[in-house]
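Start at 1 and go down the list; that is how both ligands and their atoms are numbered. On a predicted model such as this, the values are computed, not experimentally measured, just so you know.
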Amino acid sequence: MEITVEPKSREDLRRLAFSIRKVLGLEDELYFPIVELLDVLEETLPGFSYEIIGDGELPPGKHAETDVETGMVRIKQCVYDGARQGNGRDRMTIAHEFAHFMTLCFVGFKLYRSFDDRPVEAYRDPEWQAKCLAGELLVPHHLVGGMTAWDVAEKCGVSEPAARYQLKKR
Ligand SMILES: [Zn+2]
């Protein structure tokens, strides 16, 4: 059984990312301080909470997770520490979980369960939506025109592959 969600385009999620930045007064900033914002988000976003867990509490290869029933994001200590030190991959991991919270818990894109084996279309796939929104949140589309991937990686605090990916999605 696959879970699918309301279809959302990159344009929709780009607008959502911009609204989130605007609410936080960060619409003109290249660097989105996702990890520094966790406490603020917990205080201001109804239903959002997070906890830092031991590195052994999630299976290897899994860095964080979001409980869509409770709105709780759980982040491995090593990922949290890495993100605090500015590691792009760890920052993206946290943005990804926050994106799951936003799309599934806060904005409440409707969940559909499909009982057949049809593959999930990208726009209805919660993983695609989280990946898309996280990328749009950390790499603000309206500010990175004309920048190189190296500059985007440096100024937005993302990995170079993530920077290149976002620049391609223009
Ligand atoms: Zn995910």
Side-chain angles (χ1 to χ4, degrees), residues 1-21 24 32-38 41-42 45-84 86-115 117-141 153 156-166 168-169:
M1 187 179 66
E2 300 263 21
I3 292 179
T4 67
V5 283
E6 262 181 86
K8 290 283 170 239
S9 67
R10 180 167 292 272
E11 270 311 310
D12 295 331
L13 294 165
R14 190 168 278 168
R15 269 196 296 275
L16 176 58
F18 185 80
S19 312
I20 295 168
R21 283 173 154 269
L24 295 163
F32 187 85
I34 182 68
V35 68
E36 292 79 1
L37 276 174
L38 286 170
L41 294 171
E42 194 168 51
L45 262 182
F48 178 78
S49 61
Y50 77 100
E51 68 175 355
I52 314 300
I53 56 171
D55 291 344
E57 286 185 59
L58 289 177
K62 196 161 192 202
H63 305 290
E65 66 178 13
T66 302
D67 184 331
V68 298
E69 307 273 308
T70 62
M72 164 75 78
V73 170
R74 303 169 82 225
I75 305 161
K76 273 188 182 178
Q77 183 77 53
C78 60
V79 171
Y80 181 79
D81 293 343
R84 279 215 92 102
N87 179 287
R89 204 165 150 260
D90 292 329
R91 280 169 38 75
M92 190 62 86
T93 297
I94 295 176
H96 180 100
E97 298 308 324
F98 175 61
H100 273 310
F101 172 82
M102 286 307 292
T103 54
L104 297 174
C105 305
F106 189 70
V107 181
F109 293 177
K110 278 191 215 93
L111 279 176
Y112 300 102
R113 282 158 202 275
S114 56
F115 293 92
D117 289 332
R118 259 182 314 179
V120 177
E121 304 100 296
Y123 291 169
R124 286 179 173 275
D125 177 359
E127 282 310 321
W128 181 87
Q129 289 188 353
K131 184 180 177 186
C132 181
L133 179 59
E136 295 293 334
L137 199 57
L138 295 194
V139 180
H141 175 256
C156 299
V158 296
S159 69
E160 272 195 65
R164 271 195 299 276
Y165 181 84
Q166 289 307 125
K168 264 192 281 171
K169 304 288 172 188

- Query: When you check the gap from the basic side-chain N to the acidic O, do E127 and K131 get nearer than 4.0 Å?
  - Reply: no
- Task: For the Zn ion (ligand 1), decide whether E65 has an N, O or S atom at a distance under 2.8 Å.
- Result: no
- Message: Under a 3.5 Å distance rule, please check whether R91 uses its side chain to pair with a backbone N or O of F32 as donor and acceptor.
- Response: yes
- Query: How many degrees, to 10°, between H96 NE2 and H100 NE2 as seen from the Zn ion (ligand 1)?
  - Reply: 100°
- Salt-bridge present (R10, E136; N to O < 4.0 Å): yes
- Note on the structure: Closest to the Zn ion (ligand 1), among the N/O/S atoms of E127, is atom OE1
- Cut-off 3.5 Å, side chains only: do D12 and S9 have a donor facing an acceptor? yes
